[in-house]
Undergrad: 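If you scroll down you'll find the structure; I have some questions about it.
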Amino acid sequence: MPLQHLYASELSALCTKVQPFPVASPEVTTINHALRSELGLEGLLPNEHAILQALFSPEGTLQENSVAQKYGGHQFGHWNPQLGDGRGLLLGEISTPQGELIDLHLKGAGPTPYSRHADGRAVLRSTIREYLASEALHSLNIPTSRALALINSNEPVMRESLERGAMLIRTCPSHIRFGHFEYFYHANEHEKLDELFSFCFAHHFTQEAKSENPYLALLTSICVSTAKMIAKWQAYGFNHGVMNTDNMSIHGITFDFGPYAFLDDFVPNYICNSSDHGGRYAFNQQPSIGLWNLNALAHAFSNKLNVDEIKQALATFEPQFLSAYKTEMFARFGFTEAVLTAPENTTDEDSLISLSNRFIQLLSEESADYHGSFRRLSESFNDIKKGNIDGFCDTFLQLNEMRDWSKQYTTLIESCQANITQQDLLGRNPKFVLRNHHMQDAIEKAENGDFSTFNDLLKVVTRPFDEHSDLHALSLAPEDSDKGIALSCSS
Ligand code: AMP
Ligand code: MG
């Protein structure tokens, strides 16, 4: 699969040529074989040695045209024009066997003109966290960047303390962020902004380019994909933590993992980022912040679209979000799209909304474990279907309220003429989610050269609906003493 350099050559004025800066004793500890073969990359990256050669040797194919991209971003609501790839490099693009364009990117590659005096490195801790998160989200069918390979090193990297440096090769449809458009718009570099639009239409939004109003179609498409992605975050209890506009992808994929968390206890206003004192990026703020970010992006369209057109595009966000959220949540109770569209189905949407909302409310009132509760519901499904609700309800503090809810659920399952099976629920409610306390354990061991827990975690979160009885311990929620691990932006 030949590597192309479309961004580097067609948008050379919007980026800077920078080569990866080698780290001490690099070692490829993990290759994502499934992704590599899906992308047809076995020829380019056949083994660990070839990956290091391609990145760091003078004739290496992955370093000859690598670039750092320029962008800006609204960080915690404040415009910052001084961003860009400070430690990541776009190595090039490939066309997949399916004809899609995919970026290869190296994170932790060393300093660039946009490093702002920082070291250009990433630590092993955050590299492991990004690797696991992207693969876990992908396995839950949530759009995300992907992890292709993890490179560990002996390079000492200074954060709050001295840590081990590492690198990640990741893939994305592109690394173009909301902040790319915002930067060239606010810098009054309208020719460059036009080049960026043309590039997107030519390579990434070819359908939108054919539309009667391509700019409206593009902005609408970004609003829709962002709404659908955030709906899935909310349904699967994922708190991104740093939804700055430089961390928002124009493809509506989860991107730039920092202090993210999957919820343990269901606390709607949970804040995973210890630097987010105001709770701007709290779990339950994510949908409205998504819209705020799209609004910031829309400014960059203001020479292309009139106010009504911009409003029209932004107005798609809320209905798309709500519809996608309902679809995800109903399916977690077994009311999948297949069940709901079956001709014999009689369930009405209002009953499902009240079923879902009440369950969530009960979890929130007693801070019950979010994923554990859904998994136990799935395991108890056959009993609940027959009206035997005690086994499921017994572990909740609000026993009577949960009994009432379960009776309502039994009635709905009965009245829905389409057949709901336990498998429908077990296939939507993961046994394994990427819990911080397990990840912490994996990181501590990996820092001492032992990747066994990392590999075990990777195995379970990439097949999260399977039993994996030998690795059952990795499904367990944290004890109180292991809850609330502080996660800062330091990475
Ligand atoms: P992030 O918090 O990772 O989204 O990064 C925000 C901005 O800071 C981006 O422009 C990054 O490239 C840059 N950045 C983060 N960490 C480093 C680092 N260690 N060295 C250089 N630039 C960095
Ligand atoms: Mg970022």
Side-chain angles (χ1 to χ4, degrees), residues 14-16 18-23 66-91 103 105-131 133-134 144-145 147 151 153 155-168 170-172 174-184 186-187 226 229 239-251 253-261 272-276 280-281 289 293 296-297 487-491:
L14 283 67
C15 57
T16 308
V18 182
Q19 286 176 325
F21 199 82
V23 273
S66 51
V67 292
Q69 300 180 338
K70 177 63 196 163
Y71 53 83
H74 277 90
Q75 298 183 305
F76 289 89
H78 301 285
W79 172 240
N80 183 353
Q82 303 202 310
L83 303 176
D85 284 332
R87 55 171 167 176
L89 297 176
L90 173 62
L91 305 172
D103 274 8
H105 178 101
L106 182 67
K107 188 163 176 178
T112 79
Y114 316 118
S115 296
R116 297 175 293 159
H117 307 295
D119 58 13
R121 292 304 189 194
V123 294
L124 178 62
R125 165 177 54 85
S126 66
T127 308
I128 283 181
R129 284 176 51 82
E130 174 154 353
Y131 197 117
S134 45
T144 175
S145 61
I151 302 164
S153 83
E155 184 99 3
V157 173
M158 194 61 195
R159 294 293 179 262
E160 282 80 9
S161 61
L162 214 51
E163 295 191 45
R164 207 180 250 276
M167 293 180 176
L168 179 74
R170 74 175 176 200
T171 67
C172 277
S174 89
H175 280 72
I176 302 174
R177 304 149 193 264
F178 289 12
H180 277 73
F181 286 95
E182 291 177 273
Y183 176 75
F184 295 106
H186 290 297
T226 303
M229 169 188 75
N239 188 193
H240 180 283
V242 203
M243 291 174 69
N244 293 335
T245 57
D246 50 302
N247 292 338
M248 298 291 293
S249 158
I250 59 162
H251 304 283
I253 61 171
T254 318
F255 194 42
D256 268 24
F257 296 89
Y260 70 84
C272 63
N273 181 351
S274 64
S275 324
D276 182 9
R280 181 180 172 87
Y281 299 138
I289 288 293
N293 288 344
L297 169 69
L487 298 162
S488 74
C489 279
S490 143
S491 59

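All heavy atoms count here, side chains included; hydrogens, waters and symmetry mates do not. Keep in mind that what you see is a predicted model, and the values were worked out from it rather than measured. The first residue in the sequence is number 1, and the count goes up from there. In listed order, ligands and their atoms are each counted from 1.
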Undergrad: For atom 12 (O) of ligand 1, what's the nearest protein heavy atom and its distance?
TA: G86 N, 2.7 Å
Undergrad: Which ligand 1 atoms are under 4.0 Å away from a heavy-atom of A118?
TA: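 Those atoms are 18 (C), 20 (N), 21 (C).
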Undergrad: Just do the salt bridge (Lys or Arg N to Asp or Glu O under 4.0 Å) check on E155 and R164 with the steps written out, would you?
TA: CA-CA 6 Å; E155 184 99 3; R164 207 180 250 276; over 6 Å; no
Undergrad: May I ask you to list the atoms of ligand 1 that are less than 4.0 angstrom from any heavy atom of G84?
TA: 9 (C), 10 (O), 11 (C), 12 (O)
Undergrad: Please confirm whether G258 comes under 4.0 Å of ligand 1, counting heavy atoms of the residue only.
TA: no
Undergrad: Can you tell me if N80 uses its side chain to pair, donor with acceptor, with the backbone of H74 under 3.5 Å?
TA: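 No, N80 side chain to H74 backbone: no donor-acceptor pair under 3.5 Å.
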Undergrad: When you look at R121 and M167, which way does the side-chain contact (heavy atoms from CB on, under 4.5 Å) test go after all the steps?
TA: CA-CA 8 Å; R121 292 304 189 194; M167 293 180 176; 3.3 Å; yes
Undergrad: Taking the six-membered ring of Y260, is the NZ or CZ of R129 close enough (under 6.0 Å from the centre) and on axis enough (within 45°)?
TA: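 Output yes; distance and angle both within limits.
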Undergrad: Heavy atoms only, cut-off 4.0 Å: how does M158 contact ligand 1, side chain, backbone, both, or neither?
TA: neither
Undergrad: Quick check for you: to the nearest 0.5 Å, what is the distance between L487 atom CG and N239 atom CG?
TA: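 The distance works out to 10.0 Å.
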Undergrad: As a quick check of understanding, evaluate salt bridge (Lys or Arg N to Asp or Glu O under 4.0 Å) for R177 and D256, giving each step before the final call.
TA: CA-CA 10 Å; R177 304 149 193 264; D256 268 24; 2.9 Å; yes
Undergrad: Any Lys/Arg nitrogen of R170 or E130 sitting under 4.0 Å from an Asp/Glu carboxylate oxygen of the other?
TA: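 Result for this pair is yes, salt bridge flagged.
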Undergrad: So is S491 close enough to ligand 1, meaning a heavy atom under 4.0 angstrom away?
TA: no
Undergrad: Taking 4.0 Å as the limit for heavy-atom contacts, which would you say applies to Y71 with ligand 1: side chain only, backbone only, both, or neither?
TA: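 The answer is the side chain.
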Undergrad: Short check: is a protein heavy atom less than 4.0 Å from atom 19 (N) of ligand 1?
TA: yes
Undergrad: Relative to the heavy atoms of D256, which atoms of ligand 1 are at a distance of less than 4.0 Å?
TA: 4 (O)
Undergrad: Check each heavy atom of R116 against ligand 1 and say whether those closer than 4.0 Å belong to the side chain, the backbone, both or neither.
TA: side chain
Undergrad: Can you check side-chain contact (heavy atoms from CB on, under 4.5 Å) on I128 and L124, steps first, answer last?
TA: CA-CA 6 Å; I128 283 181; L124 178 62; 3.9 Å; yes
Undergrad: Identify the protein heavy atom lying closest to atom 6 (C) of ligand 1, giving its residue, its atom name and the separation to 0.1 Å.
TA: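 Protein heavy atom with the smallest distance to atom 6 (C) of ligand 1: D246 OD2, 4.1 Å.
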Undergrad: Which value, rounded to 10°, describes the OD2(D256)-the Mg ion (ligand 2)-OD1(N247) angle?
TA: 90°
Undergrad: Go through ligand 1 atom by atom and flag the ones less than 4.0 Å from a non-hydrogen atom of N247.
TA: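 Under 4.0 Å from N247, ligand 1 has these atoms: 4 (O).
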Undergrad: Using a strict 4.0 Å cut-off to heavy atoms of D119, name the atoms of ligand 1 that fall inside it.
TA: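 The list of qualifying atoms is 18 (C), 19 (N), 20 (N).
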Undergrad: Working to the nearest 0.5 angstrom, can you tell me the gap between R159 CZ and S491 OG?
TA: 6.5 Å
Undergrad: Give a yes or no answer on whether the side chain of S126 reaches the backbone of A122 with a donor-acceptor pair at less than 3.5 Å.
TA: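 Flag not set: sc S126 to bb A122 has no pair under 3.5 Å.
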Undergrad: Is there an N/O/S atom in N244 at a distance below 2.8 Å from the Mg ion (ligand 2)?
TA: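 Under 2.8 Å: N244 has no N, O or S contact with the Mg ion (ligand 2).
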Undergrad: Tell me whether atom 22 (N) of ligand 1 lies less than 4.0 Å from at least one protein heavy-atom position.
TA: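 Given the 4.0 Å limit, the answer for atom 22 (N) of ligand 1 is yes, a protein heavy atom qualifies.
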Undergrad: Has ligand 1 got any nitrogen or oxygen that is less than 3.5 angstrom from a nitrogen or oxygen of L83?
TA: no
Undergrad: Begin with the C-alpha distance, continue with both residues' side-chain angles, and end with the deciding distance and a verdict on ring-ring contact (aromatic ring centres under 6.0 Å, His included) for H240 and F255.
TA: CA-CA 9 Å; H240 180 283; F255 194 42; 8.9 Å; no
Undergrad: Does any N, O or S atom in D246 come within less than 2.8 Å of the Mg ion (ligand 2)?
TA: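 So D246 does not bind the Mg ion (ligand 2) by this criterion.
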Undergrad: For F76, does the CZ atom sit with more than 12 other heavy atoms under 6.0 Å from it, leaving out its own atoms?
TA: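 Enclosed.
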Undergrad: Quick one: which of R159, Q69, K70, R87 has a heavy atom closest to atom 16 (N) of ligand 1?
TA: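 It is R87 whose heavy atom sits nearest to atom 16 (N) of ligand 1.
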